[in-house]
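First up is the structure itself, then whatever we jot down about it.
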Number of protein chains: 2
Amino acid sequence: MDYQPHPDELRFLQQDVLGLPQSLQALAPFSDVDADLMTQVLEQAGRFVGQVIAPLNRAGDEIGCRFDPADGSVQTPPGFAAAYRAFVEAGWPALAAAPEDGGQGLPAVLEASLYEWLAAANHGFTMAPGLLHGAYECLKRHGSDTLRTRYLPEIASGRWLATMCLTEPQAGSDLGLARTRATPQPDGSLRVAGEKIFISGGEHDLTDNIVHLVLVRLPDAPAGPKGLSLALVPRQLPDGSRNAVHCTRIEEKMGLHGSPTCAMRFDDATGWLVGEPGQGLGAMFVMMNSARLHVAMQGIGLLDAAWQKADAYARERRQMRAPVRPASRGPQDAADLIVEHPAMRRILDTQRAWIDGARLLAYRTAWQLDAARHAGDDKSREQAQRWCGFVTPILKSACTRQAFDGASECMQVFGGHGYIREWGIEQVLRDARVTMIYEGTNEIQAIDLLVRKVLPDAGAGFAACLLALRDELDASRDNEADVQRRMAQLRYLATAVAMASQADPQLPYEVADDFLRVAMLTLLAWAWARIERTAPPGDARWAAPARAFHRWVLPEFDLRLGLVKRACDNVRQPAAAPRPATNLPR
Amino acid sequence: MDYQPHPDELRFLQQDVLGLPQSLQALAPFSDVDADLMTQVLEQAGRFVGQVIAPLNRAGDEIGCRFDPADGSVQTPPGFAAAYRAFVEAGWPALAAAPEDGGQGLPAVLEASLYEWLAAANHGFTMAPGLLHGAYECLKRHGSDTLRTRYLPEIASGRWLATMCLTEPQAGSDLGLARTRATPQPDGSLRVAGEKIFISGGEHDLTDNIVHLVLVRLPDAPAGPKGLSLALVPRQLPDGSRNAVHCTRIEEKMGLHGSPTCAMRFDDATGWLVGEPGQGLGAMFVMMNSARLHVAMQGIGLLDAAWQKADAYARERRQMRAPVRPASRGPQDAADLIVEHPAMRRILDTQRAWIDGARLLAYRTAWQLDAARHAGDDKSREQAQRWCGFVTPILKSACTRQAFDGASECMQVFGGHGYIREWGIEQVLRDARVTMIYEGTNEIQAIDLLVRKVLPDAGAGFAACLLALRDELDASRDNEADVQRRMAQLRYLATAVAMASQADPQLPYEVADDFLRVAMLTLLAWAWARIERTAPPGDARWAAPARAFHRWVLPEFDLRLGLVKRACDNVRQPAAAPRPATNLPR
């Protein structure tokens, strides 16, 4: 069963619940974006994804990408090249690019919706255009006039694809250890030499040219992250000749076989500096919130793909008698539908609760990404930037983890049929796993949130962010007042961690995952309060996941809150047992 | 890195903590089994598994099994056939078989240890002999004299392998829907016709003969599970001719590629009845506790395999500076070992806490399996049987779930390197996933525990089981008194569910997973109390996972307890909102 986008569901969340058309129209570039236009784009995107991209997903996994060691070429799975051409011709890469660069200038929330569906339908394919927007923004802000003229229109349109070359064999999560060298030449170009690994789309047959953005070290650059600069290295040079950058292998991965993960060798390849020397990480990370949100969207999309498969299977197949049989079923019927079994209903409703709540948070964040750039006053821009800074690592970590855990739950609905290829659920699980790792592992997201963002001002900025959100709630409603209480608990928790960390600098690193989890559950509670306020009363489409959220998802809040609190309390009690810290087991 | 068994760790748990040599010597068949013999068997098993079986694991995954549609044959991965011959020649299949059948008559705890290591080293290979003991017991108890004479010695020795043919395309978790027919012949044999799927080792090149135990329906048998009988259908008939049973395909699975999962067609194949007509499920399920314990051992082994890989990687590779650097590290060192980062230590110690605690529970259960058959008085046998009935579904579900979740945590330690084949951790994750499904899905285990075993006598038997365990604890120690309190909470919880289920028959099915989880955490707390009582004070090998257990694992107890309690409370409050039960979303 191929994934099927449902534009109505996104429209309800984006327009009815969040009122995004109004909010976006307040931003100058989107004054023409109304509900009709947003609905129209969603419907077109849904059709394109469902008809063109989704049917290629199975072949992308089973046949995958082929590497030819003779010439270093990479062949993408059957149908991918034609589908990518159609994707470019329909203008989808340029959806959110600026009109002056040939783009359509539409808001990030529509691009996020497109990429959520793309990932749900075909995660492997989605990796190809997935980095386009980041490369576009990076080049637009930091590229020289020459580079912008030469590369920006091609990237904005998707006619050429782009990569981010960060990781090296010895430098993974810690990019400061990167060693690839760049030597300035008399003509102003660079000679780039080194090896990069884990480069998504480093080589392929989808486009005539591939534009690599490469973290490099200039001569005499200091060690560590401050010595890193950014270079643009194209596969094909402006004179049409082939540049000295080559794919040396593609990785054998657990999943995501539709996307070639390349090891790349730069043999004194020609490149040009992007931005200032020593500012490489800054130039690349300018798009970090957007890139992380995209990974969160992948998580949401993949979880929805798993849910669709499990839901369809559970409505079609009968196994055993349910404890309460539907009235229509007679005593002669040997078995009931899987969906009529309470344990299976719980799995499906719980994953639905995650998908719907996370979607609301992600679309709000996409709007805030635009507001951070286009809001009319400094304060609004700062507020929006603050939201993005705090919420994107939360969403990246929590949505990708739920994609994997939730897809695993959905696999249980199939029994033994879930473990074999036939129904496609095991592909979702394998594909989803990588989202917990790339674009910064989920553990690094949690440390980014707590150690780099919440603690430096002892939680003050985080509290301000939560207070702004609190004001959107109506305390006269019981469930919304409950969300406000949880927000207060989360604020106090940040303060408690800030205090305890003074005495034990390891503490925040140890509880960062739990803190992020408390934050996500708080945000989800806010999201469900908003959905419940808007959904038609008694509509089971929203009432069933709302019930699952309150019964099965939200109670984890107290567990995680307690874990962090107790860890803080232990620090404050001098009589606590010493931890076996340096004396490692084995 | 190949898996490496550590006999010392098992010896400590089995002998020092549990005192198993003494307990086993009290059972007549094991009067000669002393600590020296147990240690010796562990050491030999560890050497064999580490040297012969573990090195074949990667090829088992990458090359896997090959099916030839021309003749229906199945080729196992390179090295498997020779390793299996060595396994048989060394006498490992006969480890726990009775001496009168050519076995070594050793206790189940040693067989469980062997299979834990086998699964850790090479899950795919382990599937081949994994069903031998079940087939042996089934045939020994229910086979006719003729069948026993002909097949029992071959199966006890492992010279012939065996299968369990239960599932059919329309009958998975619900075996009562099975349709394979068996027609009695004048010579006393049966003609068996039908299709079975998901048959592990249905066809292979490891042994001259394969003995299929097949659930069939005799003419005029009633519908449902009571109409099922058991037939023995060999691949090779006693006269040496080939029987009409054929493999029609092997499944493409997420993992476990070293084990062929076969679809089998029985074309009026010749077979013989095992046990009485209509008693097929009973004959097969007599070994259910033993088979489920084996799957739990697989879970423990696979989690240990994941842990070994992650632990080794974390001690070898440096990434980023740790918040507290070891004194030996200088300021010029750019990065610290991964194991020195608190978030990674937490992952490793937490998984270690699960492995050690679960091992203790599993070995105790293996001892109880033997006690249930060989204890000198009825009461002891009944007590042991009760333990096995309650604890095996708990272990099967909890250990396999943790194998998958914990292996996923361990994968995070590798960052991007975890997602590719190189380090083998992604194979562990893929292989482990099936253990949550087969031998009864984990959801079915939870329902078996709560609905079939705890509730029928309103929790009385379950309470008796817990009270016996409680008496092994020393209430004068704080941590052991805490375990006793949790046991009391668990007993009350069973009573609460029993009462609430009167009003809402769906309730126990909905909370069965949480109930099982509370039970597992209680048992783990008992296990860790026992380990902590015995481990040398201050030994970080045990102190670090003990700390992780109390800080990061045990707190989930309150979450799960609360989920079940609130569900019960909701039932008792007549004012509770009606659930959207029949009105399904979408």
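Quick caveat: nothing in here was measured; it's all calculated off a predicted structure. Proteins come first, then strands; the chains are lettered A, B, ... in the order of their sequence lines, and each starts at number 1.
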Show the nearest heavy-atom pair for residues [X] and [Y], with the distance to one decimal.
{"X": "B:F404", "Y": "A:S408", "answer": "CE2-OG, 3.4 Å"}
{"X": "B:D174", "Y": "A:A334", "answer": "OD2-O, 4.5 Å"}
{"X": "B:Q506", "Y": "A:P342", "answer": "OE1-CG, 3.2 Å"}
{"X": "A:I437", "Y": "B:G415", "answer": "CG2-C, 3.4 Å"}
{"X": "B:R566", "Y": "A:P555", "answer": "NH2-CB, 3.4 Å"}

Rounded to the nearest 0.5 Å, what separation is found between the [atom1] atom of [X] and the [atom2] atom of [Y]?
{"X": "B:M320", "Y": "A:I444", "atom1": "CE", "atom2": "CD1", "answer": "3.5 Å"}
{"X": "A:Y419", "Y": "B:T261", "atom1": "OH", "atom2": "OG1", "answer": "8.0 Å"}
{"X": "B:E556", "Y": "A:E556", "atom1": "CD", "atom2": "CD", "answer": "8.5 Å"}
{"X": "A:R430", "Y": "B:L429", "atom1": "CZ", "atom2": "CG", "answer": "11.0 Å"}
{"X": "A:F414", "Y": "B:T441", "atom1": "CZ", "atom2": "OG1", "answer": "13.5 Å"}
{"X": "A:H417", "Y": "B:E251", "atom1": "NE2", "atom2": "CD", "answer": "8.5 Å"}

Side chains of A:V511 and B:W552: closer than 4.5 Å at any heavy-atom pair? yes
Name the member of [options] that forms the most heavy-atom pairs with chain A at distances under 4.5 Å.
{"options": "B:D513, B:D514, B:D558", "result": "B:D514"}
{"options": "B:G176, B:G255, B:A223", "result": "B:G255"}
{"options": "B:R433, B:M436, B:Q427", "result": "B:R433"}
{"options": "B:L348, B:L175, B:I420", "result": "B:I420"}

Report which part of [X] has an atom under 4.5 Å of a heavy atom belonging to chain B: side chain, backbone, both, or neither.
{"X": "A:V451", "value": "neither"}
{"X": "A:L256", "value": "both"}
{"X": "A:I347", "value": "side chain"}
{"X": "A:P225", "value": "neither"}
{"X": "A:Y509", "value": "both"}
{"X": "A:M411", "value": "both"}
{"X": "A:Q170", "value": "backbone"}
{"X": "A:A343", "value": "both"}

Please indicate whether B:R179 has more than 12 foreign heavy atoms, meaning atoms of other residues, nucleotides or ligands, lying under 6.0 Å from its CZ. no
Other residues, nucleotides, ligands: >12 heavy atoms within 6.0 Å of A:R317 CZ: yes
Chain B: which of [options] shares the most heavy-atom pairs with it under 4.5 Å?
{"options": "A:A446, A:P505, A:G416, A:G418", "answer": "A:G416"}
{"options": "A:M254, A:K253, A:E422, A:E426", "answer": "A:M254"}
{"options": "A:E443, A:Q412, A:R346", "answer": "A:Q412"}
{"options": "A:L559, A:V324, A:V434", "answer": "A:V434"}

Heavy-atom distance under 4.5 Å to chain A: side chain of [X], backbone, both or neither?
{"X": "B:R560", "value": "side chain"}
{"X": "B:R421", "value": "both"}
{"X": "B:A171", "value": "backbone"}

Under the side-chain contact (heavy atoms from CB on, under 4.5 Å) test against A:E510, which residue among B:R551, B:R345, B:H341 passes? B:R551
